[in-house]
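The structure appears below as structure tokens.
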Number of protein chains: 2
Amino acid sequence: MPTTGGRSPVMSDVAKVAGVSHQTVSRVVNGHPNVREETVVRVRRAIAELGYQPNSTARALVTRRTNVLGALAVDTTLFGPAQTLAGIERAAREAGYFLSIVSVDDLSPDGVAEALDHLVQQAVEGCVAITPQRELAHALAALPGPRPLVAVEGGEGAGFPVVGVDQEQGARDAVRHLVGLGHRTVHHVAGRADWLEAEARVHGWREELLAAGHVVPEPLAGDWSPRSGYELGHRLAERRAAGEEVTAVFVANDQMAVGVLKAFHEVGLRVPDDVSVVGFDDIPESAYLTPGLTTVVQDFTRVGTAALEVLLGALESPGHADTPVDRTVPAVLRVRDSSAPPSA
Amino acid sequence: MPTTGGRSPVMSDVAKVAGVSHQTVSRVVNGHPNVREETVVRVRRAIAELGYQPNSTARALVTRRTNVLGALAVDTTLFGPAQTLAGIERAAREAGYFLSIVSVDDLSPDGVAEALDHLVQQAVEGCVAITPQRELAHALAALPGPRPLVAVEGGEGAGFPVVGVDQEQGARDAVRHLVGLGHRTVHHVAGRADWLEAEARVHGWREELLAAGHVVPEPLAGDWSPRSGYELGHRLAERRAAGEEVTAVFVANDQMAVGVLKAFHEVGLRVPDDVSVVGFDDIPESAYLTPGLTTVVQDFTRVGTAALEVLLGALESPGHADTPVDRTVPAVLRVRDSSAPPSA
DNA sequence: GTGCAGCATGTGAGCGCTAACATTGTTGCT
DNA sequence: AGCAACAATGTTAGCGCTCACATGCTGCAC
């Protein structure tokens with residue numbers, strides 16, 4: 001058995017064993033035509049014998065293609081971003097790319113710049129950025145960074161394509177559902193004010209209420225966490241106790257809805273008998289809460305896939321990079337037990 | 001202003017502008033000593049002027065260090081793996097490494113081999129594998145793949161270090177808590193049978209029950225999902241209706257506990273008055289369920305950090321690779337409202 | 001003055017690969 | 001027969017960088 005003296009075999013080692021030139025080995029490895037079938041077999045055998053692995057670094061140096069895509073993520077402990085990331089990862093792998101991930105916790109321009117730099121240093125060929133916060137989207141648009149870049153969930157008009165779920169439509173569907181059940185107004189527990197998704201949901205909620213000719217109550221500002229939902233749920237209960245009409249609540253995400261449900265339960269408010277509750281996200285637990293939570297489903301996997309599609313498109317035809325195409329995935333209302341007509 | 005004729009500037013461009021040799025530029029970039037202060041300044045200025053970015057590929061080719069670590073993840077839509085991954089990512093970045101992620105959905109040897117190959121192709125310097133399933137851990141041990149490798153949450157004795165939470169201790173704490181409250185036995189809704197964590201929790205539960213001299217009921221096999229918790233919750237209620245003593249349940253994760261809670265609620269079983277429920281994971285919702293869920297907290301971030309620590313250790317002293325050190329992070333019981341002494 | 005550290009810098013080679021061109025031998029067509 | 005086209009292979013150069021070594025130069029001891 002031939003040896004390469006301790007170091008891992010390189011192309012010329014294979015060439016020697018197969019009795020050809022290193023270039024022929026390269027041709028076989030890269031599937032070029034015009035190599036005699038018998039030669040291919042010989043080279044393949046030599047590769048197997050030596051356990052040769054092409055050196056992707058050397059290849060990248062000469063081809064100027066690293067085959068690496070970057071992903072900029074925010075808090076991946078949240079349901080949505082984590083799901084989206086998973087979708088991106090799968091799509092990237094299927095397209096033959098590696099995916100390098102950097103998550104950014106520090107939203108200041110410096111923090112974002114550092115994260116982007118990390119990606120640039122790695123010479124990624126393109127990048128998907130999950131940018132649900134306004135601040136992040138702005139920083140991204142202002143900073144130099146990897147290009148082409150596709151934004152997910154926010155940052156319209158910043159000069160790069162944006163892919164995301166139609167938040168506003170989802171919110172309107174939720175409100176329309178409640179109004180359709182006969183509620184004369186719908187309260188809103190909003191997500192973090194600096195999140196674009198929160199803003200879009202507030203907007204959709206308000207517009208739909210306005211369109212229906214209903215009163216628009218003051219929204220309550222939450223932060224996505226169950227805790228804030230719990231606190232605001234109590235606030236809502238107080239409003240009701242004070243005589244305000246509180247028969248339906250649209251909560252900006254399911255985690256906060258969990259808190260709202262608990263608060264209502266504590267003060268003896270029954271859902272949906274006394275108050276209807278509609279959430280957003282459809283986390284796995286939602287169907288099994290008590291009562292089962294009516295919510296708006298976001299297909300995060302599809303968002304991830306779509307984002308990668310757009311990115312790959314930009315990679316293939318760099319000319320089109322200036323004409324950002326926004327891709328929107330529809331949100332779908334899933335009705336369960338937490339929403340019902342108002343009692344009398 | 002000097003130009004590089006369209007192409008991005010390389011080291012020799014900087015050298016020309018600064019009036020030094022490319023090697024001196026290299027020294028400045030890499031912070032070598034023995035460069036005159038004035039020269040450093042000149043080179044720095046030239047770098048800034050040209051917007052020079054060192055080519056990491058070329059550097060990697062000659063140094064044989066890619067600065068990339070790999071992460072093999074399973075279903076990142078689950079709470080635990082996603083959290084762990086986030087911890088790994090952060091630790092990797094802080095240590096100056098890039099992190100390339102590949103998630104494996106196909107647990108067959110072929111699927112795992114493909115995922116590993118993806119990492120090897122990329123010439124990662126080391127790899128963290130999240131391996132909660134027995135099958136995955138086995139495939140990993142049998143297959144050639146990136147080395148050094150650190151396993152998270154499973155795969156003891158396979159020849160590489162393992163980092164994880166002490167599942168068994170967590171389970172025992174949960175059971176001891178319930179037994180301490182006066183329950184004469186504790187039922188168990190288990191996780192997916194092919195998961196090592198599920199197995200460890202079953203084991204801990206059984207041992208603790210045995211140690212307390214109590215009856216060990218037949219565990220119910222779930223699959224981590226709220227749905228299975230719901231179904232098995234009903235099964236448990238039937239057992240109770242049939243006269244069996246069901247006053248306490250240890251559920252292998254919080255998501256299933258959500259389903260159990262719903263099932264109990266449907267049949268009029270009050271928690272904790274009629275039955276105590278203890279979960280595992282402490283997902284963000286747990287504190288805000290009704291009632292607040294007593295559960296076992298796993299510090300996933302710490303697991304991720306610890307895994308990377310072990311990996312970096314192995315990277316620095318390859319000699320020690322043969323003496324796998326297992327690192328275990330303790331689990332902590334968090335008592336809330338869903339557990340109480342049995343009634344009468 | 002000579003010798004020899006030691007600092008500051010330059011020179012050359014080569015990492016492992018692919019692209020471009022050069023070189024054969026083989027075919028087909030006039 | 002003669003020449004073009006093409007298939008199969010080899011040869012050379014170079015991607016952008018770092019390493020090892022070579023070269024000057026200063027300063028200081030003898």
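- Judged by distance alone, the side chains of B:S108 and B:D106 do bring a donor and an acceptor atom under 3.5 Å apart.
- Around atom CZ of B:R93, more than 12 heavy atoms belonging to other residues, nucleotides or ligands sit under 6.0 Å away.
- For the pair B:Q121/A:S56, no side-chain contact is recorded, criterion being any heavy-atom separation below 4.5 Å from C-beta on.
- For the pair A:K16 NZ and C:dG16 P, the interatomic distance rounds to 12 Å; values are reported in whole Å.
- Atoms CD (A:Q122) and C1' (D:dG16) sit 18 Å apart, rounded to a whole Å.
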query = Taking it one step at a time, do B:L72 and B:L136 satisfy side chain to side chain contact (heavy atoms under 4.5 Å, CB included)?
reply = CA-CA 10 Å; B:L72 187 82; B:L136 218 195; 4.2 Å; yes

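- Candidate nucleotides C:dT9, D:dC19, C:dC17 were compared by shortest atom distance to the side chain of A:V62, and C:dC17 ranks first.
- Residue-level contact check: B:T57 touches neither bases nor backbone, having no heavy atom under 4.0 Å from any strand.
- Across residues 21-33 of chain B, B:S21, B:H22, B:Q23, B:T24, B:R27 each have a non-hydrogen atom less than 4.0 Å from an atom of DNA chain C (numbered order).
- Across the protein-nucleic acid pair, A:R65 atom CZ and D:dC15 atom C1' stand 16 Å apart, rounded to whole Å.
- Between its two ends, the helix from C:dG1-D:dC30 to C:dT30-D:dA1 turns its axis by 50°, counting five pairs per end and rounding to 10 degrees.
- Of all heavy-atom pairs between A:R147 and A:L140, the closest is NH2-O, 4.0 Å.
- Contact annotation: B:R36 side-chain N/O to C:dA8 OP1/OP2 distance is not under 4.0 Å.
- Atoms CE (A:M11) and C1' (C:dA19) sit 13 Å apart, rounded to a whole Å.
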key: Audit row: B:S8, B:Q53, side chain to side chain contact (heavy atoms under 4.5 Å, CB included) steps and yes/no   = CA-CA 8 Å; B:S8 50; B:Q53 286 272 6; over 6 Å; no

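- Here the closest heavy-atom approach between residue B:A95 and residue B:L312 is recorded as CB-CD1, 3.6 Å.
- Rounded to a whole Å, the CG atom of A:D13 is 11 Å from the P atom of C:dC15.
- The separation between A:R64 atom CZ and D:dC17 atom C1' is 13 Å, rounded to whole Å.
- Remark: A:N34 is in phosphate contact with D:dA8, judged by side-chain N or O atoms under 4.0 Å from OP1 or OP2.
- Applying the side chain to side chain contact (heavy atoms under 4.5 Å, CB included) test between B:R59 and each of B:N67, B:T66, B:V29 identifies B:V29 as the sole match.
- Put simply, A:T39 has a side-chain N or O that comes within less than 4.0 Å of OP1 or OP2 on D:dT9.
- Across the protein-nucleic acid pair, A:Y52 atom OH and C:dG16 atom P stand 10 Å apart, rounded to whole Å.
- In this view, B:H22 satisfies the ring-ring contact (aromatic ring centres under 6.0 Å, His included) rule with no residue, not counting sequence neighbours.
- Atom-to-atom, CD of B:Q121 to C1' of C:dC17 comes out at 15 Å; the value is rounded to the nearest Å.
- Side chain of A:A58, nearest nucleotide from D:dC17, C:dG16, C:dA19: C:dG16.
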